[in-house]
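These notes are about the structure you will find just below.
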Amino acid sequence: MPKSNDKPSKVETIKEESRHLRGPVDEELTNDEPKFSKASYEILKFHGTYQQDDRDLRKGRDKHWMFMIRGRMPGGRLTADQYLAIDTIVDTFGDGSIRATTRQAFQMYGVVKDQLKPTIKAINDSLVTTLGACGDVVRNVMAIPSPDIDGRQAKVQHVADLLSDDLLPATNAYHELWLDGEKVYSGKEETENEPLYKDHYLPRKFKIALTVPGDNSVDLYTQDIGLVALFDNEGEIRGFNVIVGGGLGMNHQKEDTYPRLGDHLGYVAHDEVVDLVKGIIAVQRDLGNRSNRKQARMKYLIDKIGLDEFRKELAARTDATVHPFEELPPFEPGLYLGWNRQSDGNWFLGVSIENGRIRDREEIRIKTGLRTVIETVRPGVRFTPNQNLLLTDIREEDRETVDRLLSEHGIAPEQDLSPLLKYSMACPALPTCGLAITESERIFPSFIRNLEDVLDELGVPDEALSIRMTGCPNGCARPYVAEIGLVGRSLEKYSFFLGGDPAGTRLATLYKDLVPYDELIPEIRKLLVHWKENRNENEAFGDYYARIGIDHAAEALAHAS
Ligand code: SF4
């Protein structure tokens, strides 16, 4: 374990004693208990699964135990066969829904313990791994989600694939536990050494995303490492601008925890980018806080030692040369909903998945509709960072079929959705997430419908306002970069953050705390009225409140009705 005077946290000891992610899961997997021990709970995360209980069914200490399983798929890409396999697996072993996550992965819920192994095995049989989807390692590597539009996107996604494979844990434990030792798929050769992660893996989760200049669909500044590909005159990647130290999780009333945007580290040549990324990870591995997990993300290390010292530590761990950061054009949010052209002449269709939940509901049969389209036309499938789905590689002559099938299943075309709905996100929260303090996903649809009515009433129905809600301050739906971020604070009360950037490059500020759910929409209405009456021409809502400042906003609105 790296040297430190502080006592390592319990999780560090659990990792050390796990024999490279084997124990005690290997001993507990086949016993009759409906749940695993706390030590196994921690190790299971590295294998892509969280032990949860259905919080609607809790009766005192009596809990209904179940497992969430997350896939690891760089850039969110699946083939038609893989998507259809997952669709079947969630019906067979889970609660019948697929959740598109904000890191371009899928999650399934409601798996019981004795079905955990066959479920993970079935996912692997479809050539999707769950290894490293959670835990203290590099999580799913994100990348600009669109298929190739102008010759750049596919090249960036290729680098995301290489990085993802290179940064997988090397232990054979995954195959021993879930695949009976049989190597099905991991993307890299198995060895029993962990050359990058060593015996203790990283101090905390670690997030990486890649994009092209101008496209911030991946919320680049919220990642531990953000990479922006830069191209030469022949259209080849010549190198990457590198951003380090972003991260959004915080704890209420703990001022030493906070969301943070990444810093501009510099530019690295294409052939040195993997080396540089591994060097950055090694700095965090060796110097990150291992005694307090609330201080263990790389953002805190950079704030503690400063970017200059971080650069020195990095230089000691990589031969890659870091050059000055190159100027970039402004970023835009990238949603890719509706029909879009690919560089090969085919089309892709962005389908909005409200709150990322793929489940049939009354007249909107989105799960069956997607399955039917994918079985019929066999497009590629991509999960986006905004919890939507792209259906790719669709021929011109199949577009009408796709539109018709989606319409027959009640799935609205892009032009029928409000901008508010398109730009908003909510995390799963209750009943599955053990950390949830408040509701999020379940109440968000009615919340958004009510807010759409307010925007209509105020005469700004087309305002592309980004609102994100989470059930706890972990911030899985990235609320701290939204124009309005609502973060579960206590029973049915939220912290209200205001003033993020529509493109996700500016942090929102805490505007009000402990706001009861019933007062959220009246509060937003007041803010909308004030913004509408006082903004500069075409000034976005978040830009306006960032310009005038939270204190001024609170003062101006104190007496508004
Ligand atoms: Fe759970 Fe909190 Fe993440 Fe929501 S933000 S899914 S409540 S950990």
Side-chain angles (χ1 to χ4, degrees), residues 11 41-42 44-45 48-56 58 63 66-71 95 97-110 133-136 139-140 142 204-207 219 222-223 246-254 257-260 293-294 296-297 353-359 383 385-387 424-445 447 466-482 484-497 500 504 507-508 510 517 520:
V11 176
Y41 167 85
E42 294 296 340
L44 282 166
K45 293 182 195 170
T49 181
Y50 271 77
Q51 179 168 284
Q52 306 179 321
D53 73 291
D54 187 328
R55 295 179 56 183
D56 286 347
R58 262 189 206 177
K63 294 179 179 173
M66 59 191 188
F67 294 81
M68 179 275 277
I69 303 174
R70 184 183 293 160
D95 70 358
S97 75
I98 303 171
R99 195 168 204 287
T101 78
T102 52
R103 288 198 70 76
Q104 297 180 279
F106 74 83
Q107 287 179 179
M108 62 177 292
Y109 296 85
C134 324
D136 297 342
R139 303 278 182 95
N140 195 36
M142 294 174 69
R204 280 290 267 128
K205 59 189 168 187
F206 197 96
K207 301 180 176 181
D219 275 338
T222 68
Q223 312 283 338
L248 293 185
M250 57 169 276
N251 293 86
H252 292 306
Q253 290 185 303
K254 286 203 176 357
T257 68
Y258 44 83
R260 183 186 195 276
R293 287 180 67 78
K294 295 190 187 322
R297 291 290 301 275
I353 312 290
E354 191 164 358
N355 297 326
R357 185 68 65 173
I358 302 172
R359 169 190 281 147
F383 288 67
N386 287 76
Q387 305 173 324
S424 298
M425 291 202 286
C427 78
L430 296 169
T432 52
C433 180
L435 299 176
I437 302 167
T438 59
E439 293 281 354
S440 181
E441 177 186 328
R442 289 197 294 197
I443 57 168
F444 207 57
F447 178 81
S466 70
I467 301 190
R468 297 177 180 177
M469 179 182 276
T470 61
C472 89
N474 257 8
C476 294
R478 301 188 289 271
Y480 310 111
V481 288
I484 292 176
L486 304 170
V487 177
R489 177 71 164 81
S490 74
L491 190 64
E492 294 184 20
K493 291 186 176 154
Y494 293 79
S495 297
F496 191 128
F497 289 80
L507 280 181
L510 181 62
Y517 175 75
L520 290 174

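The basis for the numbers below is simple: all heavy atoms, side chains too, and nothing from hydrogens, waters or symmetry mates. Every number for a ligand or one of its atoms is a count from 1 in the order of the listing.
- Salt bridge status for D219 with K207: absent, with no side-chain N to carboxylate O gap under 4.0 Å.
- Residue side and main chain included, C476 places an N/O/S atom under 2.8 Å of atom 3 (Fe) of ligand 1.
- Close approach to N474 involves these atoms of ligand 1, each under 4.0 Å from a residue heavy atom: 2 (Fe), 8 (S).
- For ligand 1 and G475, the ligand atoms under 4.0 Å from any heavy atom of the residue are 5 (S).
- Under 2.8 Å from atom 4 (Fe) of ligand 1 lies no N/O/S atom of C433, from backbone or side chain alike.
- Ranking the protein heavy atoms by distance from atom 4 (Fe) of ligand 1 puts C427 SG, 2.3 Å first.
- Scanning all heavy atoms of the two residues, the minimum distance from T432 to P428 falls at OG1-CB, 4.3 Å.
- Of all atoms in ligand 1, listed by their number and element, those nearer than 4.0 Å to a heavy atom of G471 are 4 (Fe), 7 (S).
- Among K205, R293, K45, R297, the one residue that satisfies the salt bridge (Lys or Arg N to Asp or Glu O under 4.0 Å) test with D136 is R293.
- Under the 30°/60° scheme for interplanar angles, the aromatic rings of Y50 and Y41 are found to stand perpendicular.
- For ligand 1 and T470, the ligand atoms under 4.0 Å from any heavy atom of the residue are 5 (S).
- Looking at atom 2 (Fe) of ligand 1, its nearest protein heavy atom turns out to be C472 SG, 2.3 Å.
- More than 12 heavy atoms of other residues, nucleotides or ligands shown are found within 6.0 angstrom of NZ on K63.
- Contact annotation: P428 has at least one heavy atom less than 4.0 Å from an atom of ligand 1.
- The aromatic rings of F497 and Y480 sit perpendicular, their planes meeting at an angle over 60°, well past the 30° parallel limit.
- Judged by the 6.0 Å and 45° rule, R357 forms a cation-pi pair with Y109.
- Under 4.0 Å from ligand 1, heavy atoms of A436 appear from its side chain as well as its backbone.
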